[in-house]
Amino acid sequence: MGKYAARRGWRRLAAVAWLVAAVACSAAVHWQLRRETMERAEERLVSMCEERARMLQEQFGVTVNHVHALAILISTFHFEKNPSALDQDTFAKYTARTSFERPLLNGVAYAQRLFPHEKETFERQHGWIMRTMNREGAPLQDEYAPVIFSQDTVSYLARMDMMSGEEDRENILRARETGKPVLTNPFRLLGSNHLGVVLTFAVYRPDLPADASVEQRVEATAGYLGGAFDVESLVENLLSKLAGNQDILVNVYDVTNASEPMAMYGSQTPDNKVDLLHVSMLDFGDPFRKHEMRCRYGQKPPMPWSAISNPMGCFVIWMLIGYIICAAWSRYDKVSEDCRKMEELKTQAEAADIAKSQFLATVSHEIRTPMNGVLGMLDMLLGTDLTMTQKDFAQTAQDCGKALIILINDVLDRAKFEAGRLELEEVPFDLRTLTDDVISLFASKLRAKCIELAVFVSDDVPKLVTGDPWRFRQILTNLVGNAVKFTERGHVFVRVSLAENSTMEANRVPNGNLNGKDCKVEPTANGAFNTLSGFQAADERNSWECFKLLLSDKELLSDELEGEKSSQNDSDHVTLMISIEDTGVGIPLHAQDRVFTPFMQADSSTSRNYGGTGIGLSISKCLAELMGGQISFISRPSIGSTFTFSAVVKRASKDTSCDSERSLSEALPTAFRGMKAILVDGKPVRSAVTRYHLNRLGIIVQVVNNMSMGIQAFGKNGATESREKPSMLFIENDMWRPETDIQLSNRLHTLRMNGQAHELPKLILLVTSEADKDKYGSTFNTVMCKPLRASTIASCLQQLLKVDIPARKENQNRPSFLRSLLVGKNILVVDDNKVNLRVAQAALKKYGAKVHCVESGKDAISLLQPPHCFHACFMDVQMPEMDGFEATRQIREMEKKANEIKREQSSSGEGSTFVEWHLPVLAMTADVIQATYEECMKSGMDGYVSKPFDEQQLYQAVSRLVVGTADSAS
C-alpha cells in the first residue's frame, strides 16, 4: 500500500508541475505574441513618423527656397537698379500673387540695413519715423533694420525696426553671418494665435563672391527678408493629406534647449506616460536650432486575437498532452498491475497444476493400491478350484473391478490431457488385428441382442502402421461400446479407410442435414435399406451406393489403383478415417451440442435407461486431436448415429514389420490360399464385409443373391472340374429357409447317391445368435457366430476342412511367453503394503520366478549390495522412511562404486573379464501420471509397471529388461 500511495503522490506532484508548465508556456506564448504585436506597431509608428517628418522638411525646404529666390529678386531689382525697380506696392502685389508658392508663410517683409548716420536721411526720404517693436521711436543704436517692404498680410510690420527686438536681432545677426535661413523660438502669431516661428534670410549685394567669409558676408549685407511660419497650420495640412492620421498623435518641438523643449505643435502629454513613442529629427536648415517630431498612438494598440487564442490553444494542447501522458501512465500502471496479477495467477496456476498432479498421483495411488489387492486376490481366487457359482461370483467381482480401473483411467486421461501431459507412443501395429480385437470384446453382448457387428478395413490402408495402438484402441472401444450400448436392433458397422486429405473436415455435413445427392439411400421393394442389416442409417454416405464405389475402385480399376498406391507410398504419413455406424436410438437434437462435454449425457435424468459417466466421448475427442485428427458425428433420433474420427499415423517400414518383438500384429495362416467359396447373401454391404474377411485368408469368394444362384454355381451333373469347384458354401442365416430351399437338399442328396459325396461343399451358416447355432447345428457342417474375424474363421475352417497348418513359432509378444522369461529368475519385490507383496509374489511365481519380498527401501539396499543373486527388482515408489526413488539412487551409487573397483581390477589384470553391475529396477506404483514416470527415469529406474498390472503389462516390462541379465547377476 505504501508503494502505491507514494506512486499516487508522485503522480499528483507531476500533475501540478505539468499544470504550472502549461500555464508558463501559455503565458510565454502570450507575451511573445504581444511583444511581436508591439514590435509591429512600433515599426508602423516609426514608418509613419519618419514619413511625416520627411514631408514636413520637404515642404519647409520648398518654402525656404522661394524665400531665398525672393531675396535674390530684391537684391537684383532693388540694389542694382537706380532708381530701385521695387516699391511697396510692387512688392505687396508680387508677394500676394506668389503666395501660393509659400503656403507655410503668413507673409513676408523686407527690412533694410541702416546705419545710425543714415537714419535721418532715410526717415526723411520715406517720410516716416522708425519705431521699435513697442511702437516707440527707435533709439540710437549701432545698426537698424526698418521694414520698408511688406506683404499685406503682415503690413503691421511696416516702419518697425527689426533690430529692436532682442530675439529678432540675434536671428538677423546669425542669418547674415551664416548666409542661411534662421528661425526664432516658437511664439503665438498675431491674428491666428497659432504657434509659429519667424524665418530670417539675409539679402546680400550682388557682388558677394560664392566663397565669401563671415566678414565679407556681413559687409555685403544689404537687408533682411523675413516671414512668419504658421507651424500648426503647416502640420495640420500635412497630416490631413496622409492616411492613418487618426491612429497617431504628432508633436513638433524646438529642442534647441534640450532641458526645456518648446512645443510647436500638438497636445502637451508627458512622454513618460506613453507606451510607444518615436522621435524623428527635423532639419529646417537653421544650424543653430534643433527641432524634432514626436509620434505616438492615439490609443493603445489593440491586443490581437492570436495573443489570446494561441495561448489558450497552447494551454489546451498541453492539457491534452498531459491527459494523454497521464492516461498512458495510468494504463502502464494498470497493465503493470495486470501483469503482476497475471504473474501471481500464473504462479498460482502452476502451483495448482503441481498440486493437481500431486493430487492425481495421490488419488491414483490410493485407489489403485487397494484395487491391486482386490484384483490380484480375485485372480488368485479364480486360479483355485471353485464351484460354478463361486467362479461366477469371483468373475463378476473381477469384471467390476476392471470396470472401475477403466473409469479411473478415463478420469486420469482427461486430467492429463488438460494438463498437457498426455503423450502418445510410436509403436508399429496391425490395424486390422486391432479392430478385430475390439469388436471381439463386444461379441457376447451383440449375440445376446442378435445385432450385426462387423468391421471392414479398406485395402488402401497399410498392413502395418506406426502410432499409439493403445490410444487408438481406447477411442475405438469407447465409440463401439457406445454404439453397442444404445443399439437394440440393426447393426454396428466399423469402417476404416484412407481420408482423401491429410486431415478430415470436422462436421462436413451438419447434424440432421444430409446431402448425399450421389449416395442417396432409397429403400428396396421390401422396405429394407442397402445397409449392413437392412435398417436405415443416419449417415447416408456410408450406404451401399457409396460403399460399392470403394469396392469398384479396388476390383475394376486395378491399374489405376497401382498408380495411386505408388504415389501414396511416397508419403510417410497417412490419414485414417474411421466411422462407427449404428442403428440405435440416436441423439436428441437438443443434446447434440453437448455430446463431447465431459460428464454430460443426452439423458441425465435419474431414470435413464443407459448407464455411463459421459466422459468417454470427451476423452475420444481429446485423443483424436492429439493424434492430429478430428472427430464428428451425424445423428438422427430413432434412426441411429455415425461417429467419424481421423488420425494421422506413419507407414511402418518393412524392417519394422519383420520385428516381431515390437509390432503388434497377428499372423494369419496361408493354407487356405486359392480355395474357392460361394457366399449366399442378399445384402451387398454385409456380403462385402464377409468377403473381406475371407479374402484376408486368401479364399476366392463368389457372391450370389439367392439360393438358386448358389446351386447353379456348382454346375450341373458334375460337369465342373473338381479343382474349379467351390469347397465351401457360406449362407447367411436370413437367406436359409428349410421349407422353401428343398432344391439345395435334393441337389446334395443326388450327389451323395451318385457317389460324389467327396465333391460336396462344406455348408457353413453365418448367424448372429447362439440360439441359431443350436437350432441349425444338425443341418450344416458348422455354424459360425458373428462378429467375424479372420483368425476365428481360420480356426473353424482348419477343423472343418482338416487342413494342416504349419506350427508357428511362439510369438514372443504373447503373455504365454512370459514364463520362459521368468522361470528360475530371482526377483526382489519391495513394497510396504503386505497385500501388494502377496499379489506381486503370486503373479511372479505363477511364471516360475523365485520371489523374495521386503517391506522397505533400506532392506532392499542391504540385500542388493554387490555382489548379489537377483536378476530384477520391482520397487514400490511411495514407501515410509525411504521411498523407491531414493532407494534406486543409492542402488545405482553402490553399483557405480562396484563397477569402478572391477574396472581397476580388470585393468591391473586381476580379473579376466569385466561386466558392469546393472540391476533392472522396475517402478511398481499406482501412480500413473507422466511426472512420476519422468521421476522414475531420473532416479535411475529402468521401467514402469502401474498397479494393478496384468499379464500383458508385466510381459512388456520384463521382456525388455530381464532377458540377458543372467550374466550381470553372476
Side-chain angles (χ1 to χ4, degrees), residues 56-114 126 144-163 165 168-169 171-184 189-192 196-210 212 217-218 220-231 233-234 237 283-287 289:
L56 182 60
Q57 289 181 165
E58 288 178 354
Q59 291 193 15
F60 192 85
V62 170
T63 303
V64 171
N65 291 336
H66 282 285
V67 173
H68 192 189
L70 185 58
I72 295 174
L73 186 143
I74 295 174
S75 173
T76 304
F77 291 95
H78 180 62
F79 292 102
E80 291 186 0
K81 301 294 183 180
N82 192 12
S84 173
L86 293 178
D87 56 13
Q88 173 60 33
D89 293 337
T90 303
F91 185 82
K93 290 178 181 180
Y94 176 78
T95 55
R97 291 179 179 178
T98 59
S99 61
F100 68 89
E101 296 179 344
R102 301 177 300 278
L104 306 180
L105 294 177
N106 288 342
V108 293
Y110 174 70
Q112 184 177 341
R113 182 180 183 184
L114 190 65
H126 288 81
Y144 300 95
V147 177
I148 58 174
F149 303 136
S150 63
Q151 193 174 345
D152 291 341
T153 55
V154 290
S155 57
Y156 60 86
L157 294 176
R159 305 174 185 176
M160 285 188 179
D161 181 12
M162 302 306 296
M163 296 289 284
D168 292 334
R169 180 183 179 85
N171 287 345
I172 290 172
L173 295 177
R174 287 190 289 111
R176 70 185 184 186
E177 291 177 356
T178 59
K180 295 182 179 181
V182 177
L183 301 177
T184 63
L189 299 176
L190 297 178
S192 64
V197 294
V198 175
L199 173 65
T200 304
F201 208 100
V203 179
Y204 298 102
R205 294 186 182 90
D207 56 352
L208 181 66
R217 281 197 291 271
V218 173
T221 301
Y224 311 99
L225 185 63
F229 272 94
D230 189 345
V231 179
S233 298
L234 172 63
N237 293 335
D283 184 8
F284 291 150
D286 187 350
R289 307 200 69 84

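We're numbering straight along the sequence, starting at 1. Please read all numbers here as calculations on a predicted model, not as lab measurements. Note that these values count all heavy atoms, side chains included, but never hydrogens, waters or copies made by symmetry.
A side-chain N or O of Thr90 and one of Asp87 form a donor-acceptor pair less than 3.5 Å apart. A donor-acceptor contact closer than 3.5 angstrom links the side chains of Thr98 and Arg102.
With Thr95 contributing its side chain and Gln151 its backbone, the two residues share no donor-acceptor pair below 3.5 Å. A distance-only check finds a donor-acceptor pair linking the side chain of Thr63 to the backbone of Gln59 [under 3.5 Å]. For Ser150 (side chain) and Ala158 (main-chain N/O), no donor-acceptor pair under 3.5 Å exists by modelled atom type. In this structure, Arg176 contributes its side chain and Thr221 its backbone to no donor-acceptor pair below 3.5 Å. The backbone N or O of Gly223 sits nowhere less than 3.5 Å from a side-chain atom of Gln112 that would complete a donor-acceptor pair.
Side-chain contact between Arg174 and Asp286: present, with at least one pair of heavy atoms (C-beta onward) separated by less than 4.5 Å. Contact annotation: the side chain of Phe284 never approaches that of Phe229 to less than 4.5 Å [non-hydrogen atoms, C-beta and beyond]. Annotation: side chain of Ile148 is in contact with side chain of His78 (closest heavy-atom distance under 4.5 Å). Between Val154 and Val108, every side-chain heavy-atom pair lies at or beyond the 4.5 Å cut-off. Contact of the Arg169 side chain with the Leu173 side chain is registered, since non-hydrogen atoms from C-beta on lie closer than 4.5 Å. Here the side chains of Met163 and Asp168 are not in contact, with every heavy-atom distance at 4.5 Å or above. Side-chain contact check for Val218 versus Arg113: some heavy-atom pair is nearer than 4.5 Å. Taking 4.5 Å as the limit, some side-chain heavy atom of Leu199 sits within range of a side-chain heavy atom of Val67.
Summarising the geometry of Ile172 relative to Ala145, their closest heavy-atom pair is CD1-CB, 4.2 Å, with the distance given to 0.1 Å. When all heavy atoms of Gly107 and Thr153 are compared, the closest pair comes out as CA-OG1, 3.3 Å. Ala212 and Leu208 get closest at one heavy-atom pair: CB-CD1, 3.3 Å. Of all heavy-atom pairs spanning Tyr204 and Ser75, the tightest one is O-OG, 2.7 Å.
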Margin query: Applying side-chain contact (heavy atoms from CB on, under 4.5 Å) to Val147 and Arg159, what does each step give before you reach the verdict?
Written below: CA-CA 5 Å; Val147 177; Arg159 305 174 185 176; over 6 Å; no
Next item on the list: Determine, step by step, whether Val231 and Val197 satisfy the side-chain contact (heavy atoms from CB on, under 4.5 Å) criterion, reporting the C-alpha distance in whole Å, the side-chain angles of both residues, the deciding distance to 0.1 Å, and the verdict.
Entry: CA-CA 7 Å; Val231 179; Val197 294; 4.2 Å; yes
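In terms of the salt bridge (Lys or Arg N to Asp or Glu O under 4.0 Å) criterion, Asp161 has no residue partners (sequence neighbours excluded). In this structure, Glu101 has no salt bridge (Lys or Arg N to Asp or Glu O under 4.0 Å) partners at least two apart in sequence or on a different chain.
The distance from atom OG1 of Thr200 to atom CG of Leu225, rounded to the nearest 0.5 Å, is 9.0 Å. From Asn106, atom CG reaches atom CG of Asp230 across 5.0 Å, with rounding to the nearest 0.5 Å. Atom CG of Leu86 and atom OG1 of Thr76 lie 9.5 Å apart (nearest 0.5 Å). The CG atom of Leu105 sits 10.0 Å away from atom CG of Leu70, with the distance rounded to the nearest 0.5 Å. Distance OG/Ser155 to CD/Gln88: 8.5 Å, rounded to 0.5 Å.
Applying the ring pair (Phe, Tyr, Trp, His ring centres under 6.0 Å) definition to pairs two or more places apart or across chains, those involving residues 88-109 are Phe91-Phe149.
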